[in-house]
Amino acid sequence: MNQPGALEGLRVIELCDELGMFAGKLLADMGAEVIKVERPEGDPTRAYPPFLDDEPGLERSLYFWHYNTSKLSVTLDLTNSVDRKRLSTLIDGTDILIQSGEVGADLEYAVLQKTNAGLIMVTLSPFGQEMPRQEEAATDLTILAGGGPVWNCGYDDHSLPPVRGGGNQGYHTASHFAVMSALVALLYRDETDKGQHIEVNAHAAANVTTEAGTYTWLVAQETVERQTGRHAAVNPSMPVQVLCKDGRYVNTGIPPRRPDSFSAVCEWLETLGLTEEFLEFPLLEQGSKRARFDMSMLQQDQELMAIFGAGRSAMNFLASRLTAYEFFVGGQQRGFQTGIIYSPEEVLEDPHFIERGFPVEVEHPELARTFTYPGAPYQFHGTPWRIRRRAPLLGEDNGHVFAEAKHS
Amino acid sequence: MPGALSHLRICDFTGQLAGAGATRFLAAFGAQVIRIEDPVHQGQWDILRGMPPFVDARRGVEFGGPFNNHNVEKLGITLNLRTARGKELLKELVSISDVVTENFSAGVMGRLGFDYEALKTLRNDIIYVSNCGFGHSGPYKDFKTWGPIVQAVSGLTFSSGLPDQPPSGWGYSYMDHTGGYYMAIAILMALRHRNQTGEGQWVDLGCTEAGATLAGPAILDYTVNGRPLRRPGNPNSNRSQYPAMAPHGIYPSQEEDTWIAIACRDEQDWKAIGLATGESWMQEVRFSDLRGRLLAEDALDNLLAKWTRKQDNFEAAALLQKVGVPATAVQRPQERIDQDPNTKAWGLWPTVKHSEMGAIRVDGLPVHFSETDWRMEQGGPCLGEHNEEVFGGLLGLNPDEIASLTEDGVL
């Protein structure tokens with residue numbers, strides 16, 4: 001139960017706004033001791049909604065709760081020389097320093113390194129330091145809009161604006177790169193004892209997390225266009241999202257394109273007693289008897305085209321006649337890559353994720369309550385991911401962190 | 001210059017982007033990533049091998065643009081694991097590797113005879129990281145996915161869209177990229193633990209779970225407050241949820257299908273927008289604080305859109321940035337890749353040399369290291385391109401043996 005995490009013994013100082021805060025969580029939930037440095041009045045994200053029972057309060061932000069699990073909190077007033085000295089002492093005793101935003105922006109690696117040669121410092125910023133656009137103000141929205149993702153997302157109807165994917169993913173991507181980079185530097189330090197400074201550029205991170213939107217331009221100088229619920233593409237593709245009978249959507253995946261998958265669709269329709277209602281059923285049967293499918297001949301082979309089209313219609317028809325969950329599971333059990341479009345909270349109530357232990361219970365002793373959190377992004381069999389404590393109360397760890405720093 | 005990870009060797013079965021993206025990152029820092037492909041199917045377990053876009057009229061497994069992008073700096077070998085000799089050679093390779101990576105469907109490695117228990121007998125401290133849609137246990141472990149399905153089931157598709165519309169989802173495989181990032185993180189963390197303790201381990205990465213961790217505040221709003229994200233009028237992901245901001249959105253500009261994103265973080269931004277646009281409605285009392293602007297957000301967005309519609313998106317963004325407001329044109333690929341001074345100055349689009357395709361630009365990395373920066377020079381490997389280097393140089397086979405193994409269909 002209490003096996004150590006993979007990063008046990010690693011110390012991290014976090015001086016981050018929302019851009020880099022997730023990086024600290026990723027390290028802390030794997031066992032690193034992550035000390036979050038807050039200003040005395042508390043980190044501004046403590047004022048971000050949603051709040052426990054919708055009442056704002058320093059210890060009530062669910063945003064703060066999520067992004068700060070397993071971390072320690074100390075408060076420092078960096079305008080005051082005693083506290084600045086305390087910060088220096090903390091940094092001297094740390095392996096990794098992560099910084100983003102205003103607090104700690106004046107810390108210079110060259111200076112810090114003089115007293116901590118092995119220090120790994122990771123600086124996240126919207127555009128990088130000493131870069132042409134470094135002065136520009138940015139938020140998750142503008143990072144994703146200027147960095148490429150937004151151009152790819154939205155609807156077939158281009159009079160609707162393109163869409164920023166939900167959940168502050170621009171910050172997440174920058175944080176993912178911060179963690180990957182810090183760990184690369186750590187492995188290098190394990191070999192050489194040498195620390196280094198790493199810069200993470202959020203706008204660049206969005207740019208290289210945009211798949212075909214980018215390489216279609218790099219390789220062929222062509223521009224992809226957004227489409228409802230599917231990959232942006234140079235040439236439009238067929239819709240894949242279908243409204244099921246319970247009002248939820250599914251993704252019908254890749255339609256049948258092999259004889260055995262046509263047999264599977266036939267069997268599915270037969271099982272549900274829908275063969276007569278689906279008028280193209282004979283085409284599906286034909287598909288199941290065809291020796292082979294050469295998809296490259298689709299445009300030239302009229303019969304193949306008709307069969308392929310019937311397969312696609314059959315999947316859409318089935319989806320419209322079933323609940324989203326029935327379609328998802330029924331399709332997958334027959335070898336189709338079907339998917340239910342869950343809202344995030346529904347994932348925690350699905351039997352698969354429950355059986356894998358994905359929802360985890362986290363105690364909030366001062367509230368005498370326990371809440372369910374999203375769990376491990378990966379299952380480490382030797383050194384399990386674990387939320388070792390709920391997000392820290394403001395300055396909760398001042399006492400022992402400063403006492404320890406004094407004696408070291 | 002040796003890279004930060006030059007001391008590491010990865011025996012790599014990954015493909016597509018969800019897996020290949022992970023080892024791509026490590027290869028850029030000098031890890032020796034040996035990509036193993038099946039000669040019988042010409043490596044086409046990875047469908048990207050022959051997939052468009054293409055640089056020219058040539059087609060086939062050596063000409064897939066995305067494959068090249070996702071496999072820069074890796075070595076490529078062929079090995080037929082249906083043969084006893086092929087299995088033996090893989091055993092030799094595993095015994096001198098630090099990490100084994102794959103993103104097959106659950107169970108494939110076991111059927112090949114190389115699950116974690118088997119790998120461990122070959123090298124006791126081996127790190128094995130598997131990455132599949134639903135992980136290796138649970139009722140859906142045999143279900144198949146690709147990016148859009150992972151995004152659908154994990155909540156990411158639902159979370160993206162406009163009210164009264166179906167989900168827009170992500171217009172690409174965001175979770176292939178991000179699944180790869182989690183996979184890279186898992187590999188590196190497991191290596192750190194091995195450095196500290198000498199222990200290897202198996203990491204079972206289920207991409208849908210990784211995706212579901214990316215909606216934390218929405219999930220807690222449900223588990224703590226009982227408020228689901230599936231409720232009327234939601235989501236509207238162009239608006240800001242955390243923190244509240246208004247205006248906050250993507251607005252039309254002058255030319256057809258051109259757009260500008262604007263975020264008003266606070267009262268200072270609001271005043272600045274008023275000054276920059278000179279619009280009189282910005283003085284209206286109902287918009288005088290955040291609460292008022294949130295209550296009248298539809299009206300506010302319509303008024304702001306009337307102004308943006310008359311502007312060029314790049315010019316309007318510059319005007320707003322000048323007064324400190326986060327604003328940007330929604331950049332098209334050409335604009336952000338070829339015309340954005342920042343991506344250019346960063347060196348974000350390095351040119352690699354592919355043995356068949358020649359010089360070709362690829363995604364670089366959004367990080368720079370002061371001591372051991374990344375490097376991308378060599379394109380994705382052609383099929384079996386490094387057979388001599390690996391089977392000869394590393395495993396000590398002589399040229400005749402390699403020739404006869406190739407002849408026999410083992411390589």
Side-chain angles (χ1 to χ4, degrees), chain A residues 6 48 50 62-63 66 132-133 136-137 139 141-142 145-146 150 152-154 158 161 163 165-167 176 180-181 183-184 188 190 196-197 199 201 204-205 208-209 211 215-220 226 229 232 251 332 337 339 341 343-345 347 352 355-356 372 374 377-382, chain B residues 4 53 65 69 138-140 143-144 149 152-153 155 157-160 168-172 177 181 184 186 188-189 193 195 201-205 210 212-213 215-223 228-230 237 242-243 250 257 261 263 326 328 330 333 341-342 361 363 366-368 370-371:
Chain A
Y48 283 13
L62 307 185
Y63 183 97
H66 173 68
R133 298 179 63 186
E136 290 189 25
T139 68
L141 172 75
T142 64
V150 166
N152 298 266
C153 306
H158 282 201
V163 169
H176 288 138
M180 288 149 72
S181 302
L183 293 167
V184 166
Y188 178 70
D190 281 351
Q196 58 183 316
H197 183 213
E199 262 208 80
N201 169 337
V208 297
T209 306
E211 215 201 357
Y215 60 64
T216 303
W217 183 261
L218 289 176
V219 175
R226 63 190 183 275
N251 184 314
Q332 284 281 1
Q337 292 186 15
I341 297 177
S343 61
E345 66 277 3
V347 177
H352 176 79
E355 186 173 317
R356 281 188 41 100
T372 307
Y378 21 49
Q379 296 195 357
F380 278 66
H381 285 236
Chain B
N69 190 68
Y140 306 159
F143 287 11
K144 309 279 193 290
I149 301 301
V153 181
T157 300
F158 183 87
S159 305
S160 304
S168 71
W170 288 76
Y172 58 99
H177 280 289
Y181 301 157
L188 293 162
M189 284 181 175
H193 179 71
N195 281 357
Q201 63 180 307
W202 171 29
V203 184
D204 171 17
L205 168 55
T213 65
I219 288 174
L220 289 185
D221 201 18
Y222 178 71
T223 60
L229 192 64
R230 191 189 290 277
S237 62
Y242 329 113
I250 294 170
D257 210 10
T328 177
V330 171
N342 222 74
R361 285 194 298 173
D363 283 311
V367 299
H368 281 306
S370 61
E371 294 292 319

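Both backbone and side-chain heavy atoms feed into the values below; hydrogens, waters and symmetry mates do not. Every chain is numbered from 1, with letters handed out A, B, ... down the list of sequences. Please read all numbers here as calculations on a predicted model, not as lab measurements.
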Applying side-chain hydrogen bond (donor to acceptor under 3.5 Å, both in side chains), name anything that partners His158(A), two or more places apart in sequence or on another chain.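 His158(A): side-chain hydrogen bond (donor to acceptor under 3.5 Å, both in side chains) contacts with Asp257(B).
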Parallel, tilted or perpendicular: which one describes the rings of Tyr63(A) and Tyr242(B), with boundaries at 30° and 60°?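 Rings of Tyr63(A) and Tyr242(B): tilted, 30 to 60°.
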Under 4.5 Å heavy-atom distance to chain A, tell me which part of Asn342(B) shows up: side chain, backbone, both or neither.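 Looking at Asn342(B), backbone and side chain both touch chain A.
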Chain A heavy atoms under 4.5 Å from Tyr222(B): which part of the residue, side chain, backbone, both or neither?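 Only the side chain of Tyr222(B) comes within 4.5 Å of chain A.
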Interface moiety of Glu355(A) toward chain B, non-hydrogen atoms closer than 4.5 Å: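 For Glu355(A), side-chain heavy atoms alone lie under 4.5 Å from chain B.
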Heavy-atom proximity to chain B below 4.5 Å, by part of Arg226(A):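 For Arg226(A), the side chain is the part near chain B, not the backbone.
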Using a cut-off of under 4.5 Å on heavy-atom pairs, state which of Gly229(A), Gly167(A), Pro344(A), Cys153(A) scores highest against chain B.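 Going by pairs under 4.5 Å, I would pick Pro344(A).
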Given the options Gly65(B), Gly138(B), Ser237(B), Gly169(B), which has more heavy-atom pairs under 4.5 Å with chain A than any of the others?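 Of Gly65(B), Gly138(B), Ser237(B), Gly169(B), Ser237(B) has the most heavy-atom pairs under 4.5 Å with chain A.
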Among Ala212(B), Ala184(B), Ala215(B), Gly216(B), which residue has the highest count of heavy-atom pairs closer than 4.5 Å to chain A?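 Of the options given, most contacts go to Gly216(B).
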I'd like to check Val367(B) versus Glu199(A) (side-chain heavy atoms, cut-off strictly below 4.5 Å). Are they in contact?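 No - every pair of side-chain heavy atoms lies 4.5 Å or more apart.
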Donor-acceptor side-chain pairing of Trp170(B) and Ser160(B) below 3.5 angstrom: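 A donor-acceptor contact under 3.5 Å links the two side chains.
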Ala205(A): which residues meet the side-chain contact (heavy atoms from CB on, under 4.5 Å) condition with it, sequence neighbours left out?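 Testing Ala205(A) for side-chain contact (heavy atoms from CB on, under 4.5 Å), a comparison that skips the adjacent residues, returns Thr173(A), Phe177(A), Pro366(B).
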